Every structure is written in C-alpha cells, then in structure tokens.
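So the structure is just underneath, and the comments pick up after that.
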Amino acid sequence: MNSQVNPFGTRISSDDIVENLSFFDSWEDRYRYIIELGHELPALPQELRTEDRLVRGCQSQVWIDVTEDDGRLQLSVDSDAFIVKGLLAVVLAAFNNKTPAAIQSFDIDHYFEALGLLKHLSPTRGNGLRAMVARIGEFAKAASSAVG
C-alpha cells in the first residue's frame with residue numbers, strides 16, 4: 001500500500017473545501033487551489049492503473065481503486081491531468097473514508113453547487129466529474145449490497 005497518507009475525507013473535509021474556496025475572489029485562484037489539492041493526493045501505484053479501474057466518460061485518464069477498512073471505503077485515485085487530480089481531491093473530501101451509506105446519502109449536487117464548480121467547468125470536464133462520482137456511487141452500492 002502507498003506510504004503517503006490520503007488527507008481527503010480525514011484531515012480535509014468537504015466543508016473545508018467549501019470554506020477555503022470561498023476565500024478566493026477569482027476562478028483563476030480557485031482553479032489554482034484545486035490543482036494544489038490534487039498535489040496532496042498520494043500517487044496511485046502503477047500496478048493499480050488497470051483497465052478495470054479506469055473511469056469511463058472522462059476526457060482524461062482517471063483510475064479509482066476502492067478497498068474497505070472497518071466498514072469504510074478507502075478510495076485511491078489518480079489522473080494524468082492536474083486539474084482532474086484536483087477535482088478528484090474535491091470529490092474524495094466528500095467520499096473517502098466514509099461508510100457506503102454515508103456516500104450514498106451525501107448530497108453531492110448541493111456540494112458542487114456550494115462550490116460553484118459545475119458552471120465553471122467545460123461540459124466535458126463536468127461530464128467527467130459526474131462519471132467519477134457515479135463510479136464511486138457504484139462502489140458504495142455494491143459494498144452496501146454485500147453487507148445487507
């Protein structure tokens with residue numbers, strides 16, 4: 001497993017992201033902050049960059065690996081694009097280290113609205129973001145079904 005600890009969903013929450021983004025006046029600064037968040041993601045080991053972990057519907061290459069630890073989903077992600085890594089960090093702040101039920105009940109649309117994110121992304125980036133969220137939702141649903 002990766003030795004670098006993923007701070008998203010533990011030390012950095014979705015509320016932290018909303019609050020921090022509100023400090024920036026311009027979207028250029030907000031994008032820079034989002035890209036910086038992506039740099040805090042641990043790198044996904046090369047052996048986990050497989051076809052079955054690749055997210056369909058993303059313009060960039062995006063990999064998501066999920067493991068379960070004590071009933072909580074641990075998400076490991078990576079992308080070949082800096083802005084997408086940042087967007088993954090934003091999503092992980094909401095979903096990483098959460099139970100499948102918490103992931104399924106989280107109002108991601110409200111979160112994105114609070115960030116003002118989707119209206120500032122290109123349609124292809126927005127679709128990719130939705131594809132990432134949908135893929136994590138599938139993992140949470142499968143994990144819930146396995147338990148229930």
Side-chain angles (χ1 to χ4, degrees), residues 2 4-46 48-69 72-145:
N2 199 331
Q4 185 183 355
V5 177
N6 185 338
F8 298 96
T10 53
R11 287 187 297 112
I12 301 172
S13 71
S14 55
D15 290 340
D16 294 333
I17 304 279
V18 171
E19 184 179 338
N20 291 342
L21 272 180
S22 73
F23 291 125
F24 299 105
D25 293 326
S26 75
W27 267 95
E28 187 176 320
D29 290 338
R30 290 177 184 193
Y31 281 129
R32 201 171 298 120
Y33 171 72
I34 290 171
I35 290 169
E36 287 173 16
L37 289 174
H39 293 302
E40 294 188 47
L41 283 170
L44 189 68
Q46 199 63 39
L48 295 180
R49 293 175 181 232
T50 59
E51 189 69 25
D52 61 320
R53 290 179 178 90
L54 204 55
V55 177
R56 305 280 173 248
C58 292
Q59 184 179 13
S60 306
Q61 289 191 301
V62 174
W63 297 271
I64 300 176
D65 183 60
V66 179
T67 57
E68 196 170 336
D69 182 26
R72 295 176 175 274
L73 298 186
Q74 304 302 315
L75 303 164
S76 300
V77 299
D78 212 342
S79 175
D80 59 353
F82 288 127
I83 187 66
V84 176
K85 283 183 79 159
L87 294 172
L88 283 163
V90 167
V91 171
L92 260 59
F95 289 155
N96 189 46
N97 198 41
K98 303 290 187 285
T99 64
I103 291 171
Q104 291 177 296
S105 67
F106 186 82
D107 189 345
I108 196 75
D109 292 326
H110 177 74
Y111 177 45
F112 289 157
E113 184 69 31
L115 296 171
L117 199 55
L118 289 174
K119 62 185 170 197
H120 290 94
L121 293 177
S122 68
T124 53
R125 285 275 187 252
N127 289 340
L129 185 61
R130 288 184 191 90
M132 292 180 251
V133 168
R135 184 71 181 271
I136 294 168
E138 291 168 12
F139 289 126
K141 186 174 181 181
S144 288
S145 298

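In this chain, residues are counted from 1 in sequence order. Here the structure is a predicted model, which is why all the values come from computation and not from measurement.
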Looking only at atom types and distance, does a side-chain atom of Asp16 sit under 3.5 Å from a main-chain N or O of Ser13, one as donor and one as acceptor?
yes
Quick one: are Ile12 and Glu40 in side-chain contact, heavy atoms under 4.5 Å?
yes
For the residue pair Leu73 and Ala140, what are the closest heavy atoms and their distance?
CD1-CA, 3.8 Å
Determine whether more than 12 heavy atoms belonging to other residues, nucleotides or ligands lie under 6.0 Å from atom OH of Tyr33.
yes
With rounding to the nearest 0.5 Å, note down the distance linking CD1 in Ile34 to CG in Leu88.
11.5 Å
Should the pair Phe82 and His39 be assigned to parallel (<30°), tilted (30 to 60°) or perpendicular (>60°) ring geometry?
tilted
d(Thr10 OG1, Asn97 CG) to nearest 0.5 Å is 6.0 Å
Intermediate values then yes/no, side chain to side chain contact (heavy atoms under 4.5 Å, CB included), Leu121 and Leu117:
CA-CA 7 Å; Leu121 293 177; Leu117 199 55; 4.1 Å; yes
Could you give the distance from CD1 (Ile103) to NZ (Lys98), rounded to the nearest 0.5 Å?
8.5 Å
Quick check: closest heavy atoms across Ile17 and Ala93, and the distance to 0.1 Å?
CG1-CB, 3.7 Å
More than 12 heavy atoms of other residues, nucleotides or ligands under 6.0 Å from CD of Glu113: yes or no?
no
May I have the step-by-step check of side chain to side chain contact (heavy atoms under 4.5 Å, CB included) for Val91 and Val77, ending in yes or no?
CA-CA 10 Å; Val91 171; Val77 299; over 6 Å; no
Which value, rounded to the nearest 0.5 Å, describes the distance between Glu68 atom CD and Thr99 atom OG1?
9.5 Å
Is the shortest side-chain N to carboxylate O distance from Glu51 to Arg56 below 4.0 Å?
yes
Should Asp29 and Arg32 count as an ion pair when the cut-off is N to O under 4.0 Å?
yes
Show your working on side chain to side chain contact (heavy atoms under 4.5 Å, CB included) between Asn96 and Gln74 and close with a plain yes or no.
CA-CA 6 Å; Asn96 189 46; Gln74 304 302 315; 4.1 Å; yes
Would you compute the distance between atom CD1 of Ile108 and atom CD1 of Ile136 and round it to the nearest 0.5 angstrom?
8.0 Å
Just verifying a value: how many Å separate Ile35 CD1 and Leu87 CG, rounded to the nearest 0.5 Å?
9.0 Å
Which heavy atom of Ile64 sits nearest a heavy atom of Phe139, and at what distance?
CG2-CE1, 3.8 Å
Closest approach of Arg125 to Gln59 (non-hydrogen atoms, all atoms of both residues)
NH1-OE1, 3.5 Å
Measure across Ser76 and Leu44 and return the closest heavy-atom pair with its distance rounded to 0.1 Å.
CB-CD1, 3.5 Å
If you take all heavy atoms of Phe8 and Leu37, which pair is closest and at what distance?
CZ-O, 3.3 Å
Please check if the number of heavy atoms outside Asp25 that lie under 6.0 Å from its CG is greater than 12.
no
Examine distances only and state if a side-chain atom of Ser79 and a backbone atom of Gln61 form a donor-acceptor pair shorter than 3.5 Å.
yes
Check: Leu21 main-chain N/O paired with Arg30 side-chain donor or acceptor under 3.5 Å
yes
Derivation and outcome, side chain to side chain contact (heavy atoms under 4.5 Å, CB included), residues Asp78 and Lys85
CA-CA 6 Å; Asp78 212 342; Lys85 283 183 79 159; 3.3 Å; yes
Would you check if Asp15 and Tyr111 make a side-chain contact, meaning some heavy-atom pair closer than 4.5 Å?
no
